[in-house]
2 protein chains.
Amino acid sequence: MKTTRNTTAKTAVLEVFEKSRTALSHTEIQKQLNDVCDRVTIYRILDRLVNDDIVHKISNLDGTVKYAKCNHSNQRVHIHNHAHFSCENCHEITCLENVKPSYIMPHNYKVKEINFTLSGLCPNCLNSNI
Amino acid sequence: MKTTRNTTAKTAVLEVFEKSRTALSHTEIQKQLNDVCDRVTIYRILDRLVNDDIVHKISNLDGTVKYAKCNHSNQRVHIHNHAHFSCENCHEITCLENVKPSYIMPHNYKVKEINFTLSGLCPNCLNSNI
DNA sequence: ATTTTATCGCAACATTGTTGCAAATGATAA
DNA sequence: TTATCATTTGCAACAATGTTGCGATAAAAT
Ligand SMILES: [Zn+2]
Ligand SMILES: [Zn+2]
Ligand SMILES: [Zn+2]
Ligand SMILES: [Zn+2]
């Protein structure tokens with residue numbers, strides 16, 4: 001069985017996540033890492049973190065992909081059914097841990113994962129009345 | 001004011017949408033068009049169609065972007081609040097026009113658009129018990 | 001038919017993500 | 001501590017996707 005190692009690069013990436021209130025793209029992580037490691041390594045670390053349920057991947061309407069730390073890694077069944085908010089002004093993406101959509105599916109579909117992203121203006125940008 | 005023109009390329013793209021039951025990526029459209037026009041032109045046509053509320057853009061968890069015809073262009077207020085299903089086996093993306101999520105948002109957010117994509121197995125792939 | 005301007009083709013570029021392979025390094029046990 | 005070995009890394013090269021500038025083309029209106 002494949003074990004996951006704690007490398008300096010991985011630790012650095014996790015620290016970046018720890019410091020961030022919002023979800024981060026590969027590029028944003030790379031900028032904050034200041035050449036701690038190669039671009040490719042970041043991709044591979046992110047893959048592993050997603051695989052190990054430490055981070056979850058968020059895909060935005062505009063095609064950008066971001067990542068955020070999971071704060072429920074302790075749960076037995078690990079699913080990300082919370083919503084995300086994408087601000088059209090500041091482009092920040094945040095987890096809305098308490099927003100979970102309810103819906104009724106037609107028969108004959110097997111749903112395994114959901115991706116619910118809302119976009120518009122975040123509280124910050126709404127207050128600066130843009 | 002900018003007016004939109006009906007060009008042969010645009011007509012060809014619309015015909016491709018008309019023939020398709022599922023959402024299409026830029027690459028899929030290009031393949032079906034058989035060099036009717038340049039790759040860049042397809043991008044520009046898609047942009048215009050989205051802008052004119054004739055087509056809507058769907059962004060998938062795996063990072064792929066697809067487009068589907070809107071079948072409610074007549075509505076006064078044009079919003080895409082229906083869900084989409086993305087099959088992890090055949091990779092087809094279909095509009096679930098009747099599935100609309102209900103949810104409760106925290107205050108101070110202004111929601112303008114939602115993107116609700118479910119993934120798993122579509123009826124076709126579920127029946128071929130994979 | 002003429003005019004206007006939206007659209008197109010092309011080339012060049014930017015960004016994002018992937019792969020193969022030799023070298024480096026973390027974890028484990030001797 | 002040292003030896004071992006599978007995991008991880010860096011590098012280089014590649015692939016896919018999307019963007020921009022600009023001169024040429026063509027749709028639509030007069
Ligand atoms: Zn904002
Ligand atoms: Zn989240
Ligand atoms: Zn399927
Ligand atoms: Zn749809």
Side-chain angles (χ1 to χ4, degrees), chain A residues 1-17 23-68 86 88 91 93 115 117, chain B residues 1-17 23-68 86 88 91-93 115 117 119:
Chain A
M1 132 204 140
K2 258 194 167 218
T3 56
T4 274
R5 289 182 184 174
N6 286 319
T7 64
T8 48
K10 181 180 163 188
T11 309
V13 170
L14 280 174
E15 268 171 24
V16 170
F17 275 117
L24 299 165
S25 68
H26 170 271
T27 314
E28 287 164 340
I29 295 169
Q30 191 184 0
K31 274 176 193 155
Q32 291 200 41
L33 279 185
N34 268 82
D35 289 313
V36 166
C37 64
D38 194 72
R39 208 170 61 85
V40 180
T41 303
I42 302 177
Y43 278 113
R44 299 201 256 227
I45 288 173
L46 288 172
D47 281 349
R48 268 180 282 148
L49 290 177
V50 168
N51 234 280
D52 295 349
D53 283 337
I54 294 166
V55 150
H56 59 284
K57 191 174 176 177
I58 308 155
S59 144
N60 203 30
L61 237 193
D62 62 12
T64 56
V65 173
K66 299 218 179 187
Y67 299 84
S86 164
E88 66 182 26
H91 297 106
I93 294 184
N115 174 31
T117 309
Chain B
M1 135 201 136
K2 261 196 165 218
T3 57
T4 274
R5 289 181 184 176
N6 286 318
T7 65
T8 48
K10 182 180 162 187
T11 309
V13 170
L14 281 175
E15 269 171 25
V16 170
F17 275 117
L24 299 165
S25 68
H26 169 271
T27 314
E28 288 165 339
I29 294 168
Q30 191 185 359
K31 275 176 193 156
Q32 289 199 41
L33 279 185
N34 267 82
D35 289 314
V36 166
C37 64
D38 194 73
R39 207 169 62 86
V40 179
T41 304
I42 301 176
Y43 279 113
R44 298 202 257 228
I45 289 174
L46 288 172
D47 280 349
R48 270 180 281 146
L49 290 178
V50 168
N51 235 281
D52 295 350
D53 282 336
I54 294 167
V55 150
H56 60 284
K57 192 174 176 177
I58 308 156
S59 141
N60 202 29
L61 238 193
D62 63 11
T64 56
V65 172
K66 300 216 178 188
Y67 299 85
S86 164
E88 66 181 26
H91 296 105
E92 280 188 357
I93 294 183
N115 172 33
T117 308
S119 54

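Convention: sequence-line order gives letters A, B, ...; per-chain numbering from 1. Heavy-atom basis, side chains included; hydrogens, waters and symmetry copies ignored. Given the structure is predicted, the values throughout are model-derived calculations rather than measurements.
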Sugar-phosphate, base or nothing in reach of Arg44(B), heavy atoms under 4.0 Å: base
Can you check nucleotides 28-30 of chain C for protein contacts, nitrogen or oxygen pairs under 3.5 Å, and list what you find?
none

With Glu15(B) via side-chain contact (heavy atoms from CB on, under 4.5 Å) - residues at least two apart: Thr11(B)
Distance in angstrom units between Leu46(B) CG and dG18(D) P, rounded: 9 Å
Rounded to 10 degrees, the angle between the two terminal axes of the helix from dA1(C)-dT30(D) to dA30(C)-dT1(D), each from five pairs: 40°
Side chain to side chain contact (heavy atoms under 4.5 Å, CB included) between Thr64(B) and His91(B), worked out: CA-CA 10 Å; Thr64(B) 56; His91(B) 296 105; over 6 Å; no
Residue pair Val55(B), Val13(B): steps toward the side chain to side chain contact (heavy atoms under 4.5 Å, CB included) verdict: CA-CA 11 Å; Val55(B) 150; Val13(B) 170; over 6 Å; no
Option among Leu24(A), Leu49(A), Ile93(A), Val50(A) that satisfies the side-chain contact (heavy atoms from CB on, under 4.5 Å) test with Tyr67(A): Val50(A)
Partner set under side chain to side chain donor-acceptor pair (under 3.5 Å) for Thr7(A), not counting sequence neighbours: none
For residues 28-37 of chain B, run the donor-acceptor check on the side chains, cut-off 3.5 Å, and write out each pair with its distance to 0.1 Å, sequence neighbours left out.
unit_1	atom_1	unit_2	atom_2	d
Glu28(B)	OE1	Ser25(B)	N	2.7
Glu28(B)	OE1	Ser25(B)	OG	3.4
Glu28(B)	OE2	Lys66(B)	NZ	3.3

Length of the line joining Asp47(B):CG and dT7(C):P, which is rounded to integer Å: 11 Å
Contacts of type side-chain contact (heavy atoms from CB on, under 4.5 Å), residue Asn51(B), not counting sequence neighbours: none
Pairs where residues 33-52 of chain A contributes a residue and the test ring-ring contact (aromatic ring centres under 6.0 Å, His included) is met, not counting sequence neighbours: His26(A)-Tyr43(A)
Closest-nucleotide 5' rank along DNA chain D - winner of His26(B) and Lys10(A): Lys10(A)
Nucleotide-resolved protein contact map, nucleotides 24-30 of chain D, B/S/- at heavy-atom distance under 4.0 Å: --BBS--
Residues forming a side chain to side chain donor-acceptor pair (under 3.5 Å) with Ser59(B), sequence neighbours excluded: Ser59(A)
Stretch residues 30-43 of chain A: residues that reach within less than 4.0 Å of DNA chain D through a heavy atom: Val36(A), Cys37(A), Asp38(A), Val40(A), Thr41(A)
Nucleotide nearest Thr27(B) when distance is taken to its side chain, options dT17(D), dC21(C), dC8(C): dT17(D)
With sequence neighbours excluded, residues passing side chain to side chain donor-acceptor pair (under 3.5 Å) with Lys57(A): none
Nucleotide dT19(D), atom C1' - distance to CD1 of Ile45(B) in whole Å: 16 Å
For atom CG of Asn60(B) and atom P of dT17(D), their distance in whole Å: 13 Å
Salt bridge (Lys or Arg N to Asp or Glu O under 4.0 Å) partners of residues 37-49 of chain A, not counting sequence neighbours, each pair once: none
Separation between OG1 of Thr4(A) and CD1 of Ile45(A), rounded to the nearest 0.5 Å: 11.0 Å
